[in-house]
Amino acid sequence: MQTLKSLIFKPTPEEQKSKCNALLRSNARKLDRDIANLKTLESKTKALILSSSKRATKNPSAPNKQALLETRTFARELLRIRKQSARLLTSKAQLASVQMQVNEAFSVRKIEGSLKASTGIMRDVNSLTKLPELTGTMQELSRELMKAGVIEEMVGDMLPDESLMEDEDEEAESEIDKVLGEVLKDRMPKEKVPEAVIPTAPQVDEEDEEETEEMLDQMRGRLEALRS
């Protein structure tokens, strides 16, 4: 009966507002989960940095070059995790702003009996639609807001931003050093290993190397899952 009614009659402003708010809350919960997952991943990556650094400096007279390389690799992953987390926190604040503006627009409609399209909401929604984590639900929200007249139709602007889906450019060595200094403090390895050179250290256990690669693959997989 409700489905038949919705086909015959247009939804009321209150129903439109309720649906838009439900979509916004759904997006906010998704961001909260992703931010929490990144926090966990950040803690694990810090632990891996400490572990590989300890192995690298176990014998000061003969530093483990493979472990030194792993330490910097984990630091690079930590930088990427933090950048992703910062992006999601910014998006969460933007989402809260959209919800406030949408509720305000419906309140004005209730008082004045009409609704004017808001360029501010349209700009914020368009920006959030390009975020890979929210693309699907933000497109649905865009359609609902267009039906309600809160925003105008956005043609060709609702595709995810490819730059957000690709890996960031290689982080500067100075950024990696800064992260290592923060995590390791006075235990910072003195020797650096350029990543262009693949070190050959006979004392490295092949099983340890395989475990490290597996951990890196898992971390990158989780980070990629949060983006897709």
At their closest point, which heavy atom of L128 faces which heavy atom of S91, and how far apart are they? CD2-O, 3.6 Å
Is a salt bridge present between R82 and E182, judged by a nitrogen-to-oxygen distance below 4.0 Å? yes
Sorted by chain and number, sequence neighbours left out, side-chain hydrogen bond (donor to acceptor under 3.5 Å, both in side chains) with K19 holds for E144
Judged by atom type as modelled, is there a donor-acceptor pair below 3.5 Å linking the side chain of S85 to the main-chain atoms of I35? no
Can you measure from CD (Q99) to CD (Q94) and round to the nearest 0.5 angstrom? 13.5 Å
Using side-chain heavy atoms (C-beta onward) and a distance below 4.5 Å, is T12 in contact with Q16? no
Salt-bridge present (E173, R76; N to O < 4.0 Å): yes
M100 with I121, same ILVMFWY side-chain cluster at under 4.5 Å: no
Less than 4.5 Å apart, any side-chain heavy atom of N64 and any of L68? no
Between S127 and R123 (side chain of the first, backbone of the second, donor and acceptor by atom type, cut-off under 3.5 Å), is there such a pair? no
Nearest 0.5 angstrom please: L88 CG to D32 CG, how far? 10.0 Å
How long is the straight-line distance from NZ of K83 back to CG of L78, given to the nearest 0.5 Å? 11.5 Å
Taking all non-hydrogen atoms of both residues, which atom of F74 and which atom of T45 are closest, and how far apart? O-CG2, 3.3 Å
Partner residues of S97 under the side-chain contact (heavy atoms from CB on, under 4.5 Å) criterion, sequence neighbours left out: Q101, D124
Which atom names give the shortest non-hydrogen contact between V183 and K46, and what distance separates them? CG1-O, 4.0 Å
For residues L89 and L31: do they belong to one hydrophobic cluster (side chain heavy atoms under 4.5 Å, members Ile, Leu, Val, Met, Phe, Trp, Tyr)? yes
Could you give the distance from CZ (R87) to CG (D34), rounded to the nearest 0.5 Å? 12.0 Å
Rounded to the nearest 0.5 angstrom, the OG-CE distance for S26 and M138 is 11.0 Å
Do Q66 and R55 pass the side chain to side chain contact (heavy atoms under 4.5 Å, CB included) test, and can you show the C-alpha distance, the side-chain angles, and the key distance before you say yes or no? CA-CA 9 Å; Q66 178 65 30; R55 284 191 293 108; 5.9 Å; no
Nearest-0.5 Å distance that lies between atom CG in L24 and atom CG in L141: 5.0 Å
How far apart are the C-alpha atoms of R80 and E77, what are their side-chain angles, what is the distance that settles it, and do they pass the salt bridge (Lys or Arg N to Asp or Glu O under 4.0 Å) test? CA-CA 5 Å; R80 290 174 179 170; E77 291 301 318; 3.4 Å; yes
Is a side-chain donor or acceptor of S53 paired with a backbone partner of I49 at a separation under 3.5 angstrom? no
Residue pairs passing the salt bridge (charged side-chain N to carboxylate O under 4.0 Å, His left out) test with at least one member in residues 97-108, sequence neighbours excluded, are none
If you apply the rule side chain to side chain contact (heavy atoms under 4.5 Å, CB included), what do you find for K44 with T40, and how did you get there? CA-CA 6 Å; K44 289 181 178 178; T40 302; 3.9 Å; yes
Of all the heavy-atom pairs spanning A67 and S52, show the shortest one and how long it is. CB-O, 3.5 Å
Has S51 got a side-chain atom pairing as donor or acceptor with A47's backbone, closer than 3.5 angstrom? no
CA sep, side-chain torsions, deciding dist, call: L131, T135, side chain to side chain contact (heavy atoms under 4.5 Å, CB included): CA-CA 6 Å; L131 192 71; T135 298; 5.9 Å; no
Which pair of non-hydrogen atoms, one from P13 and one from F106, has the smallest distance, and what is that distance? O-CE2, 3.6 Å
Looking at C20 and V102, what are the two nearest heavy atoms and their distance? CB-CG1, 4.3 Å
